[in-house]
Amino acid sequence: MKKIAILGSTGSIGTQTLDVVRNNPDLTVVALAAGSSVEKMEGQIREFRPQVACMWTEEAAADLRSRVADLPVKIVAGMEGLLEIAVLPDAQVLVTAIVGMIGIRPTIAAIEAGKDIALANKETLVTAGHIIMPLAKKHGVSILPVDSEHSAIFQSLNGEPADKIAKIWLTASGGPFRGRTSKELAHIQVEDALKHPNWSMGRKITIDSSTLVNKGLEVIEAKWLFGVDLDRIRVVVHPQSVIHSMVEYVDGAIMAQLGTPDMRLPIQYALFYPDRRPMGGKKLDFFELGQMTFEKPDTDTFAGLKLAYQAATVGGSMPTVYNAANEKAVALFLNRRISYLEIPELIAGAMEQHKAIDNPGVDEILQTETAVYEYIEGKVND
Ligand code: NAD
Ligand code: MG
């Protein structure tokens with residue numbers, strides 16, 4: 001029996017993780033956490049019977065507490081609640097399926113408590129990878145990638161050492177606006193950007209996929225997870241999203257992982273690694289697929305990717321600025337307060353005015369986040 005806790009259980013990754021639990025009776029859910037969806041959380045508690053559940057606000061927690069008063073579940077709230085779940089003695093694996101930098105503290109707490117991490121929350125690694133990776137090594141815990149590209153790289157590596165890697169080829173679908181010009185992007189509306197061609201995901205990551213910021217975050221995520229320098233991580237646009245990423249070795253051999261776009265595979269692989277379990281769902285049919293195509297990413301139109309390489313090259317607190325500026329800009333775009341092209345503009349502006357701090361601690365990372373949020377609010381309210 002493997003006992004897991006899930007942060008972000010009501011979201012896209014969270015609900016697909018629970019699907020994997022449904023299909024594997026030897027997985028038990030001991031804790032769940034979500035932002036504000038009380039009703040969904042009540043349903044999950046009734047089905048999976050965790051010991052602890054967390055809602056972000058006290059009001060939501062109080063509402064949930066009265067709804068599940070008939071069950072022996074402890075309801076907690078806020079960051080304190082997330083931290084309690086992160087270190088829950090019974091949990092062996094923490095699935096970080098929360099969105100944004102809010103995942104940093106719980107992830108660190110879980111590692112210190114010796115939990116393996118099934119990591120979907122890429123923003124945490126982008127901003128605090130220099131803290132998380134050494135800490136995981138120190139505590140002997142595994143960071144198992146859930147992001148499909150990183151799972152593909154992990155599967156293609158299969159234990160080979162980092163010094164045998166010549167390149168990592170990170171595939172990108174190119175998003176819904178592939179092939180468009182900047183002029184054509186000027187009037188993009190929220191609804192257009194929320195239509196991803198191949199994957200159904202949460203709102204924030206769907207916008208990030210359309211701007212290529214998601215791929216930028218994934219480049220930095222790959223650097224930390226696999227210990228590979230930036231100049232050996234290449235992005236290739238592959239609109240069919242069938243090759244989930246590839247590793248090129250020093251002898252020129254390239255290993256790739258292919259499959260239909262279904263996040264339950266990387267989730268299940270992370271939860272049972274190194275075992276492979278049978279999985280339902282549609283399998284890849286090469287005759288139906290016919291062909292696979294590849295393109296260079298257009299980083300002039302989609303500056304989000306170029307800015308990620310710049311942020312990672314500077315290092316220190318700059319990736320935090322890149323990420324925090326994007327989180328804030330995407331929230332403003334979703335609230336229709338800024339236009340689509342202002343997303344990369346605000347990221348570039350925030351990076352330009354920031355003086356990077358070397359090797360920032362968690363407090364400095366979170367202070368940088370606050371400062372970036374204030375900078376952007378100031379810009380938008382000008
Ligand atoms: P989502 O928006 O669908 O779900 C986010 C979850 O986090 C929800 O359960 C929400 O209630 C919870 N949450 C938000 N704020 C919270 C808070 N303050 N406290 C507690 N819980 C909170 O997002 P998603 O698409 O599932 O993405 C989650 C993470 O996984 C992101 O970091 C994303 O980049 C990464 N990821 C997602 C996919 C995908 O297919 N969806 C693929 C790869 C990586
Ligand atoms: Mg991905």
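Just so we're clear, the structure is a prediction, and the values are computed from it rather than from any experiment. Order of listing sets the numbers, starting from 1, for every ligand and every atom in it.
Residue I117 is not grouped with residue L32 when hydrophobic side chains (ILVMFWY) are merged at heavy-atom distances under 4.5 angstrom, including chains of intermediate members.
Counting only heavy atoms of the protein, atom 4 (O) of ligand 1 lies nearest to G11 CA, 3.1 Å. Summary of contacts: the protein heavy atom closest to atom 29 (C) of ligand 1 is I98 O, 3.3 Å. Distance from atom 43 (C) of ligand 1 to its nearest protein heavy atom, with residue and atom name: D147 OD1, 3.0 Å. With respect to atom 41 (N) of ligand 1, the closest heavy atom belonging to the protein is S12 OG, 3.0 Å. Regarding atom 40 (O) of ligand 1, its nearest protein heavy-atom neighbour is M201 CG, 3.2 Å. When hydrogens are left out, the protein atom nearest atom 14 (C) of ligand 1 is V99 CG1, 4.1 Å; that is the closest non-hydrogen contact. Protein heavy atom in closest approach to atom 34 (O) of ligand 1: K122 CE, 3.2 Å. For atom 19 (N) of ligand 1, the closest heavy atom belonging to the protein is W56 CE3, 3.4 Å.
Listed by number with element, the atoms of ligand 1 under 4.0 angstrom from any heavy atom of S9 are 9 (O). Each of the atoms 26 (O), 30 (O), 37 (C), 38 (C), 39 (C), 40 (O), 41 (N), 42 (C) of ligand 1 lies under 4.0 Å from some heavy atom of I13. The distance from ligand 1 to the heavy atoms of N121 drops below 4.0 Å at these ligand atoms: 32 (O). Which parts of ligand 1 touch I102 is read off a 4.0 Å heavy-atom cut-off, strictly below it: atoms 18 (N). Residue contact check: A120 has heavy atoms under 4.0 Å from atoms 30 (O), 32 (O), 35 (C), 36 (N), 44 (C) of ligand 1. Ligand-side atoms of ligand 1 in range of T10: 8 (C), 9 (O), 10 (C), 11 (O), range being under 4.0 angstrom from any heavy atom. Atoms of ligand 1 found under 4.0 Å from any heavy atom of A34 (numbered from 1 in listed order, with element): 11 (O), 20 (C), 21 (N), 22 (C). Per-residue contacts place I205 under 4.0 angstrom from the following atoms of ligand 1 (heavy atoms of the residue considered): 25 (O), 33 (C), 34 (O), 36 (N), 37 (C), 38 (C), 42 (C), 43 (C), 44 (C).
At distances below 3.5 Å, at least one donor-acceptor pair connects side-chain atoms of N23 with backbone N or O atoms of D19. In terms of modelled atom types and a separation under 3.5 Å, the side chain of T171 and the main chain of H244 share a donor-acceptor contact. Using modelled atom types, no side-chain atom of S151 and backbone atom of D147 make a donor-acceptor pair closer than 3.5 Å. In this structure, N323 contributes its side chain and T127 its backbone to no donor-acceptor pair below 3.5 Å.
The part of E123 lying near ligand 1 is the side chain, judged by heavy-atom distances below 4.0 Å. The backbone of A97, and not its side chain, has at least one atom closer than 4.0 Å to an atom of ligand 1 (non-hydrogen atoms only; backbone = N, CA, C, O). Contacts between D208 and ligand 1, counted as non-hydrogen atom pairs separated by less than 4.0 Å, are absent for every part of the residue. With a 4.0 Å cut-off on non-hydrogen atoms, M263 touches ligand 1 through its side chain and not its backbone.
For the 3.5 Å distance criterion, the side chains of Y340 and Q189 fail to qualify, holding no donor opposite an acceptor. At a cut-off of 3.5 Å, with distance as the only test, no side-chain donor of R49 or Q44 sits close to an acceptor on the other residue. Side-chain contact check for T293 and Q240: at least one donor-acceptor pair (N or O, by modelled atom type) lies under 3.5 Å.
Interatomic distance, CD of E123 versus CG of N326, reported as 8.5 Å (0.5 Å rounding). Rounding to the nearest 0.5 Å places CG of L212 at 11.5 Å from NZ of K306.
Of all the N, O or S atoms in E149, the one closest to the Mg ion (ligand 2) is OE1. For D147, the N/O/S atom at the shortest distance from the Mg ion (ligand 2) is named OD1. Within E218, OE2 is the N, O or S atom that lies nearest to the Mg ion (ligand 2).
A cation-pi arrangement, defined by a distance under 6.0 Å to the six-membered ring centre and an angle within 45 degrees of its axis, is present between K328 and Y373.
In this structure, the ring of F177 has its center no less than 6.0 angstrom from the ring center of F302.
The pair E42-R46 meets the salt-bridge criterion, since a charged nitrogen lies less than 4.0 angstrom from a carboxylate oxygen.
Around atom 25 (O) of ligand 1, the closest heavy atom drawn from G35, G202, S37 belongs to G202.
A salt bridge (charged side-chain N to carboxylate O under 4.0 Å, His left out) with D90 is found for exactly one of K3, K115, K2, namely K3.
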